[in-house]
Amino acid sequence: MGYACPKCGHIIPGDAKVLIWHLRNVHNAICGHNFTQHITCGQDGCERTFSGRTYVFRKHLGNHREVNLPAPVPLNVAPHEDDGGLSEGSDNDVEDAPDDVPPAAEAEHMWDHFGEQEVEQHASGLVAGMLASSSTAHSTVTDVVKKTANLLDDITSYVMHRVQEFAAEVGVQPGDENLQSLIADVEAVSHPFQNLNTLYRQRTFFQNCDTFLQAEELPLGIGYYPRSNQQTGNVQQVMRTISFQYIPIKPLLKLIIEKTEIMEIVSHLQPSDDNLLRDFHDGSYCRQSAFLSQPSTLKLILYIDDFEVTNPLSPRAGTHKLGAVYFTFANAPPKYRSSLANMFLLMLYTSGDVKMYGYEALFAQFILDMNSLEQDGIDVDTESFRGNVKVGIAQVVGDNLGIHSLFGFAEGFTANFPCRICKMPRDSIRQMSYEDRDLIRTPESYQNDVDADNLPETGIKRNCPLNEINHFHVVYNRVPDVMHDMLEGVCPLEVKVILKELIVKEYFNIETLNARITSYNYGLEDKHNKPCTYNMNALRSPDGASGQKAGQMWCLVRHLPLMIGDLVPAEDEHWELLLALLDCTDLIFSPVISKGQIIYLEQLIADHHKLFLELFPDRHLKPKHHFMLHYPSAMRLYGPLIHLWVMRFEAFHNFSRRLSHIMCNFQNAAKTLAYRNQMLLCYNLMSGKTLMDKSLEVGPGESIILASMKDSAAIAQHLNMALYDDVFVAKWCRCNGTEYRKNAMVVAAKDDDGCPLFGKIRHILAFRSAVTLMLEMWHTVGFERHYHAHIVQPIDAQPVAFSKVDDLIDFHPLQANQSYRRGCALYYISPRYVL
């Protein structure tokens with residue numbers, strides 16, 4: 001009995017554990033108990049893929065236990081450009097592999113190189129994995145290691161006792177050379193945790209590991225804290241150095257560069273040449289910068305924010321509030337940049353300490369390091385690049401409060417000059433519908449305002465320490481935060497005031513609205529962001545908390561027209577305001593935008609603001625309305641704004657938040673959390689996680705003879721296979737975190753007029769380690785503005801098309817819904833942004 005190796009195709013005799021051992025030791029595909037790469041099953045034509053825990057793969061192999069194994073099939077060997085990212089090589093790679101060692105002999109000698117070093121490596125991977133989890137306290141990890149070590153000692157002692165008993169029974173002398181060699185071998189591997197069984201030894205072990213970088217504790221200032229004298233009972237003031245955690249960026253970048261393929265990404269990065277803006281490097285700011293436009297320059301996106309590590313409703317909320325600085329690479333494509341594995345901790349500090357001692361002390365060492373990186377660079381030696389790499393800051397992002405605080409601008413948005421981009425006074429901001437380019441801040445005007453030291457007249461409190469970094473100035477850091485501006489500012493406010501007016505007009509009541517919100521079919525991707533219901537008190541207080549998270553608000557505002565549009569007359573002016581807002585968001589959240597669309601967006605924002613002021617004369621534009629005026633110019637400078645929003649960075653807080661609730665120790669929370677964040681990075685590097693992880697997973701399914709399927713001839717022609725070949729039909733597949741299932745709608749193509757053509761997923765086909773979506777094409781009737789949705793209809797002939805996931809016009813799966821309007825047989829698709 002045996003299993004086919006999904007990497008080399010050899011038949012590995014034995015049970016599933018032997019195959020797992022083979023994948024770990026021969027192919028380095030497993031670290032600890034986790035796969036370091038996606039593995040295709042490959043048994044009996046099964047194309048299901050696995051990642052994460054190995055026990056799921058072992059359990060799945062039980063389904064093939066009674067199946068006669070086929071001849072070795074080459075699977076998952078090296079990536080092919082057009083294979084959808086599932087395969088890691090061509091079919092010929094296995095034919096070129098050496099065959100001089102038969103699979104059975106390979107299994108027989110599998111344990112020959114298993115020694116003390118390998119055991120310690122597996123043990124360190126296990127410990128690193130537990131320390132990289134946000135669900136486990138360090139004390140628990142140490143306790144588990146000690147108990148596991150004791151259990152292994154008992155098992156080893158029993159085995160040795162039985163071996164010696166058996167040797168005596170068969171007449172082997174205690175001093176026999178072979179027996180002593182066996183005992184020595186067992187003894188050598190019987191203590192895998194001897195260097196990891198205490199907290200001190202764990203720290204020492206990983207500090208000597210080439211994938212771990214220790215955070216430095218740097219001083220911020222001197223503080224006085226109360227301490228009780230145990231002898232007298234009196235409370236005394238004790239002087240203590242206030243510190244923060246800083247991960248030295250030069251060795252950190254060197255570690256990341258040499259352990260990942262970031263330089264390979266940089267070498268393939270090319271700006272767009274079709275007048276479309278797709279990412280930061282397409283914007284004029286990067287193109288016109290003599291430093292950032294250099295091909296080998298690493299461009300960092302910094303993120304700064306505060307987050308609460310205790311219950312935000314508790315009386316001590318804010319006492320232990322922490323601030324963090326993360327970074328990622330602007331050189332990486334957005335689909336990789338959004339992965340939490342590609343975000344890195346730079347600083348961790350107590351928020352109150354920075355308010356007391358200032359950002360100058362916090363960023364002093366970082367400024368020195370960045371100037372050195374810009375001037376001297378880093379010498380690196382990788383497979384794809386050997387030489388010197390210069391590093392610069394692309395942009396610093398964060399919520400408005402955090403950015404204003406760091407940059408030295410007014411932190412209260414009721415200030416006379418609440419905008420960091422322009423110097424427009426508050427009264428003008430409340431009525432202005434266009435950007436005034438004459439008021440844009442410049443380095444000269446900024447310095448004059450700093451020298452004036454007059455916050456009410458300038459909107460500037462102090463100089464920003466980051467201005468000391470070469471090739472960086474805060475007035476050129478104009479990227480807005482569209483998540484907080486739109487999804488936690490403009491959209492919640494306007495949705496509330498619009499819904500209130502529609503209810504006052506008696507088009508529907510609050511119960512009908514909530515019933516529609518609850519029962520609406522949001523589709524595969526939006527079901528995780530299903531909005532919460534409203535009450536009338538919330539609608540009467542539109543300036544209060546929105547009651548929705550940012551993802552929920554984006555979901556609600558997109559689907560609201562189709563949700564209640566049948567109840568609202570087409571000529572309603574308040575409904576027109578909602579549609580005008582959606583016209584703006586379609587372009588603001590678009591991942592690709594043209595220069596013509598940017599000009600159009602300027603007018604859309606102006607029309608929207610004018611209509612808002614006209615419909616609500618007792619209200620004024622909020623500062624976040626004003627920030628929208630700067631979006632078009634920011635797009636010209638930095639490309640699509642959605643690639644620079646902070647939603648994914650905010651998700652990176654969750655690791656520290658969860659861990660702080662587990663450890664319940666706040667003596668020096670920043671130090672503990674910094675260490676565990678570095679252990680997470682260490683484990684990711686140990687596990688072989690890469691920046692360009694070709695994440696294509698195939699779910700469970702079944703192998704079907706092609707001839708038994710509908711439109712089998714078309715499938716056979718497209719996949720270049722025979723009618724009586726088996727094709728694996730999966731229930732789902734997941735590409736770069738986005739899941740695709742049967743009956744979901746996707747944008748397959750565009751017609752000559754630029755109108756999107758939609759297809760309904762009929763099957764997910766996995767064949768020869770590539771995944772293809774079989775689509776049933778629908779007819780696009782047009783776009784109905786009242787529902788802000790594309791009108792589509794199924795075609796009686798049901799024409800089919802085929803597409804790889806990477807070839808789709810837009811990677812988001814969508815949902816086709818019918819209107820609540822009686823007798824309407826049409827289907828509508830609400831877009832996430834302009835297609």
Side-chain angles (χ1 to χ4, degrees), residues 283-286 288-292 302 304 354-364 366-368 370-371 374-375 392-481 485 602 621-638 644:
S284 60
Y285 178 74
C286 182
Q288 296 173 7
S289 171
F291 179 71
L292 295 178
L302 299 186
I304 184 170
V354 171
K355 292 180 180 178
M356 175 70 69
Y357 301 104
Y359 287 101
E360 291 80 5
L362 180 69
F363 283 93
F366 172 73
I367 292 170
L368 293 175
M370 281 305 304
N371 283 330
E374 291 189 5
Q375 295 173 5
I393 296 179
Q395 288 287 280
V396 181
V397 300
D399 61 13
N400 292 306
L401 180 60
I403 291 296
H404 277 237
S405 177
L406 172 61
F407 287 0
F409 293 101
E411 297 172 32
F413 295 99
T414 57
N416 292 336
F417 296 93
C419 181
R420 70 176 185 272
I421 299 175
C422 72
K423 200 175 177 181
M424 183 176 289
R426 178 182 57 195
D427 293 339
S428 299
I429 281 177
R430 293 179 171 180
Q431 303 295 325
M432 185 61 67
S433 300
Y434 291 96
E435 180 184 55
D436 189 340
R437 291 182 174 85
D438 295 332
L439 298 178
I440 298 295
R441 296 183 188 269
T442 64
E444 294 76 17
S445 66
Y446 176 88
Q447 190 58 50
N448 292 335
D449 292 341
V450 170
D451 295 338
D453 192 21
N454 189 341
L455 176 63
E457 296 299 324
T458 63
I460 296 179
K461 297 171 62 176
R462 60 184 177 272
N463 187 33
C464 176
L466 296 184
N467 289 333
E468 299 178 20
I469 299 176
N470 301 328
H471 305 102
F472 181 86
H473 198 283
V474 296
V475 299
Y476 298 131
N477 198 107
R478 302 175 190 168
V479 60
D481 175 23
D485 289 351
E602 285 183 288
L621 296 175
K622 298 287 186 178
K624 290 181 178 180
H625 281 103
H626 170 74
F627 298 154
M628 291 176 64
L629 303 182
H630 298 300
Y631 286 3
S633 59
M635 288 180 175
R636 296 186 183 96
L637 288 169
Y638 313 116
L644 292 168

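Side chains included, hydrogens not; waters and symmetry mates left out as well; all remaining heavy atoms used. The first residue in the sequence is number 1, and the count goes up from there. Because the structure is predicted, anything quoted here is derived from the model rather than measured.
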**Request:** State the OG-CD distance between Ser433 and Glu602, to the nearest 0.5 angstrom.
**Result:** 12.5 Å
**Message:** Return the CG to CG distance between Leu621 and Leu629, rounded to the nearest 0.5 Å.
**Reply:** 8.0 Å
**Asked** Between Glu435 and Arg636, does at least one N-O distance fall below 4.0 Å, as a salt bridge requires?
**Response** no
**Asked** Where do Tyr638 and Val479 come nearest, in terms of heavy atoms and distance?
**Response** CE1-N, 3.5 Å
**Request:** Let me know which of Pro632, Ser284, Cys286 forms a side-chain contact (heavy atoms from CB on, under 4.5 Å) with Leu637.
**Result:** Ser284
**Message:** Donor-acceptor check, side chain of Arg426 to backbone of Pro418, threshold 3.5 angstrom: yes or no?
**Reply:** no
**Message:** Quick one, Lys624 with Asn400, criterion side-chain contact (heavy atoms from CB on, under 4.5 Å). Give me CA distance, side-chain angles, the key distance, then yes/no.
**Reply:** CA-CA 9 Å; Lys624 290 181 178 180; Asn400 292 306; 4.0 Å; yes
**Message:** Suppose the criterion is salt bridge (Lys or Arg N to Asp or Glu O under 4.0 Å): which pairs have a residue in residues 455-477, not counting sequence neighbours?
**Reply:** Glu411-Lys461
**Heavy-atom closest pair, residues Ala394 and Leu292** = CA-CD1, 4.4 Å
**Request:** Spell out, as yes or no, whether a donor-acceptor pair under 3.5 Å connects the side chain of Arg441 to the backbone of Cys419.
**Result:** yes
**Message:** Just so I know, are the side chains of Ile469 and Phe366 near enough to count as touching, which here means a heavy-atom distance under 4.5 Å?
**Reply:** yes
**Prompt:** Quick one: CG on Asn463 to CG on Asp449, what's the gap to the nearest 0.5 Å?
**Reply:** 11.5 Å
**Asked** Is it true that a side-chain atom of Asn470 and a backbone atom of Asn371 form a donor plus acceptor pair closer than 3.5 Å?
**Response** no
**Message:** Could you work out, with ring-ring contact (aromatic ring centres under 6.0 Å, His included) as the rule, every residue matching His625, not counting sequence neighbours?
**Reply:** His609, Phe612
**Prompt:** Will you find, in the side chains of Glu444 and Asn448, an N or O donor that is under 3.5 Å from an N or O acceptor?
**Reply:** no
Show me the donor-acceptor pairs, under 3.5 Å and distance only, between side chains in residues 471-478 and residues at least two apart or in other chains.
residue : atom : partner : partner atom : Å
His471  : ND1  : Glu374  : OE1          : 3.0
His473  : ND1  : Val475  : N            : 3.3
Asn477  : OD1  : Val396  : N            : 2.6
Asn477  : ND2  : Val396  : O            : 2.8
Arg478  : NE   : Val475  : O            : 2.8

**Message:** For the NZ atom of Lys622 and the CZ atom of Phe413, what is their distance to the nearest 0.5 Å?
**Reply:** 13.0 Å
**Complete:** Ser445 meets the side-chain hydrogen bond (donor to acceptor under 3.5 Å, both in side chains) criterion, sequence neighbours left out, with Thr442
Name every donor-acceptor pair, under 3.5 Å, that has one atom in a side chain of residues 403-410 and the other anywhere in the protein, sequence neighbours excluded.
residue : atom : partner : partner atom : Å
His404  : ND1  : Ala410  : O            : 2.9
Ser405  : OG   : Tyr359  : OH           : 2.9

**Separation between NE2 of His630 and CG of Asp485, rounded to the nearest 0.5 Å** = 10.5 Å
**Asked** Say you draw a straight line from NZ of Lys423 to CG of Asp438; how long is it, rounded to the nearest 0.5 Å?
**Response** 13.5 Å
**Prompt:** Who passes salt bridge (Lys or Arg N to Asp or Glu O under 4.0 Å) against Asp399, sequence neighbours left out?
**Reply:** none
